[in-house]
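The next block holds one structure in the form of structure tokens; read it before the comments.
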Amino acid sequence: MIRQIHPADPRLKGCPGQPLLGAMIQGLAKTAGPSLRREVWLALTPDGDPAGAVCRTETGLWATASEAAAPETAAFLAALGDLPGMVDETLARLLPGGWEPRRVLKYQGPPPEEPVLCVPSCMALADCNVAAGAVPLEDRDDLYAELHLRVRRGAAQVVLVPDDRGEPAAGAASFLGEEGATIGFLACRRDRQGRGYGTAALMAAVWASLEQGKRPLLACREELAPFYTARGFVPAGTVWERGDGVTNRTGR
């Protein structure tokens with residue numbers, strides 16, 4: 001059965017399924033508030049144990065479930081509508097088309113050394129993504145607002161690496177779940193590319209995640225996986241994405 005829960009329900013911490021999606025849903029639950037739509041449901045076994053989780057925000061949905069709970073969870077997702085979002089492979093097989101695979105990777109390299117960083121700034125990270133061509137200019141303010149909310153609620157952290165003048169050259173965000181940290185919005189300004197700043201920002205996000213006691217995770221397109229596997233990440237499954245990639249990566 002599917003039951004709506006309070007975002008602070010402790011059962012959400014032990015929910016089975018894809019770890020990256022679990023971390024995203026847990027992080028979204030931390031940002032719930034009177035002015036924000038953060039609806040969270042659990043799929044429950046007949047004994048009342050968690051078997052899956054679903055989160056819907058103003059613009060998207062995220063879901064993961066065990067094999068046994070997948071049919072009921074997929075039917076529930078279909079009833080919520082064709083929103084952008086991200087689901088695990090089990091659910092994607094049961095849902096209507098439009099889903100594209102994304103490789104899930106987890107960090108399994110040595111702990112990085114403590115990096116030299118700029119003062120954290122959600123706007124500076126949003127600007128890096130615009131300057132890299134990764135996010136349209138018209139989405140910059142929305143990205144900033146979501147990053148700021150997540151950081152303020154303890155559900156995200158931002159890292160920025162400086163160039164030789166001390167200005168932010170590249171950065172990334174980590175969205176914090178109970179055990180995992182999903183790295184996203186890795187971006188290097190176009191005029192700083194080719195100098196190792198992107199790699200430095202990735203490893204800074206890994207370092208910051210490990211400092212929080214979280215397992216670094218990320219999702220990427222197949223053609224980008226070699227960049228990450230060359231830097232200590234290993235395969236950890238697949239998720240399926242539909243629609244607006246900015247929405248999917250932030251959970252806004």
Please enumerate all residues that pass side-chain hydrogen bond (donor to acceptor under 3.5 Å, both in side chains) together with T90, with sequence neighbours excluded.
none
So does R140 pair up with E138, basic N to acidic O under 4.0 Å?
no
How long is the straight-line distance from CD1 of I183 back to CD of Q157, given to the nearest 0.5 Å?
9.0 Å
Ignoring hydrogens, what is the shortest heavy-atom contact between L217 and G180? Give both atom names and the distance.
CD1-CA, 4.2 Å
All pairs passing side chain to side chain donor-acceptor pair (under 3.5 Å) where residues 103-125 contributes a residue, at least two apart:
R103-E222
Looking at side-chain heavy atoms only, is the closest gap between F227 and L186 below 4.5 Å?
yes
Same cluster or not: L202 versus W207, using hydrophobic residues (I, L, V, M, F, W, Y) connected whenever any side-chain heavy atoms lie under 4.5 Å apart?
no
So, using salt bridge (charged side-chain N to carboxylate O under 4.0 Å, His left out) as the criterion, who are the partners of D82 when residues are at least two apart?
R242
Is a side-chain N or O of N129 found less than 3.5 angstrom from the main chain of F185, in a donor-acceptor match?
yes
Donor-acceptor check, side chain of T45 to backbone of D49, threshold 3.5 angstrom: yes or no?
yes
On a heavy-atom basis, which atom in S174 and which in A181 lie closest, and how many Å separate them?
CB-CB, 4.3 Å
For R56, salt bridge (charged side-chain N to carboxylate O under 4.0 Å, His left out) partners two or more places apart
E39
Side chain to side chain contact (heavy atoms under 4.5 Å, CB included) partner of C118, chosen from L160, V159, L125
L160
Measuring only between side-chain heavy atoms, which start at C-beta, is M1 closer than 4.5 Å to P46?
no
Looking only at heavy atoms, what is the nearest atom pair of P136 and V130, with distance?
O-CG2, 4.2 Å
Under 3.5 Å donor-acceptor, Q4 side chain and W41 backbone
no
Y228 versus C220: any side-chain heavy-atom pair under 4.5 Å?
yes
Heavy atoms, side chains only, cut-off 4.5 Å: are L20 and M86 in contact?
yes
Closest heavy-atom pair, C55 versus V40, reported as atoms and distance to 0.1 Å, is SG-CG2, 4.2 Å
Side-chain donor or acceptor of D9 paired with backbone N/O of R11 under 3.5 Å:
yes
Backbone N/O of L218 and side chain of R102: donor-acceptor pair under 3.5 Å
no
Distance-minimising heavy-atom pair for I25 and A53
CD1-O, 3.6 Å
Can you list everything that forms a side-chain contact (heavy atoms from CB on, under 4.5 Å) with P101? Sequence neighbours excluded, please.
T238, W240
Pairwise distance CZ(R153) to CG(L28) - rounded to 0.5 angstrom
12.0 Å
Quick one: list whatever passes side-chain hydrogen bond (donor to acceptor under 3.5 Å, both in side chains) with R231, sequence neighbours left out.
T199
Sorted by chain and residue number, the side-chain contact (heavy atoms from CB on, under 4.5 Å) partners of E178 (sequence neighbours excluded) come out as K13, Q26, K30
Separation between CG (L83) and CG (L61), nearest 0.5 Å, reads 5.0 Å
Are L12 and L176 linked, directly or through other ILVMFWY residues, by side chains that come within less than 4.5 angstrom of each other?
no
Any sub-3.5 Å donor-acceptor pair from Q212's side-chain atoms to K214's backbone N or O?
no
Under the side-chain contact (heavy atoms from CB on, under 4.5 Å) rule, collect the residues that match up with A65, sequence neighbours excluded.
A69, T73, L91
Would you check if P168 and V161 make a side-chain contact, meaning some heavy-atom pair closer than 4.5 Å?
no
My understanding is that only residues two or more places apart in sequence, or in another chain, count here; which of them pass side-chain contact (heavy atoms from CB on, under 4.5 Å) with C122?
Y144, L147, H148, V151, V158
By side-chain hydrogen bond (donor to acceptor under 3.5 Å, both in side chains), E223 pairs with (sequence neighbours left out) R221
Gap between atom CG of L44 and atom CD of E72 - 0.5 Å precision
8.5 Å
Tell me the closest heavy-atom pair linking P50 and C15, and the distance in Å.
CB-CA, 4.1 Å
So salt bridge (charged side-chain N to carboxylate O under 4.0 Å, His left out) across residues 179-198, not counting sequence neighbours, yields D163-R192
For residues P19 and R215, determine if any side-chain heavy atom of one lies less than 4.5 Å from a side-chain heavy atom of the other.
yes
Ignoring hydrogens and angles, tell me if any N or O in the side chain of T64 forms a donor-acceptor pair with the backbone of Q18 under 3.5 Å.
yes
Under the side-chain hydrogen bond (donor to acceptor under 3.5 Å, both in side chains) rule, collect the residues that match up with R152, sequence neighbours excluded.
none
Test side-chain contact (heavy atoms from CB on, under 4.5 Å) on V54 and W62; report intermediate values, then the result.
CA-CA 6 Å; V54 176; W62 291 262; over 6 Å; no
Is V87 close to V239 at the side-chain level, that is, under 4.5 Å between some pair of heavy atoms?
no
Answer yes or no: is there a side-chain heavy-atom contact under 4.5 Å between L105 and V234?
no
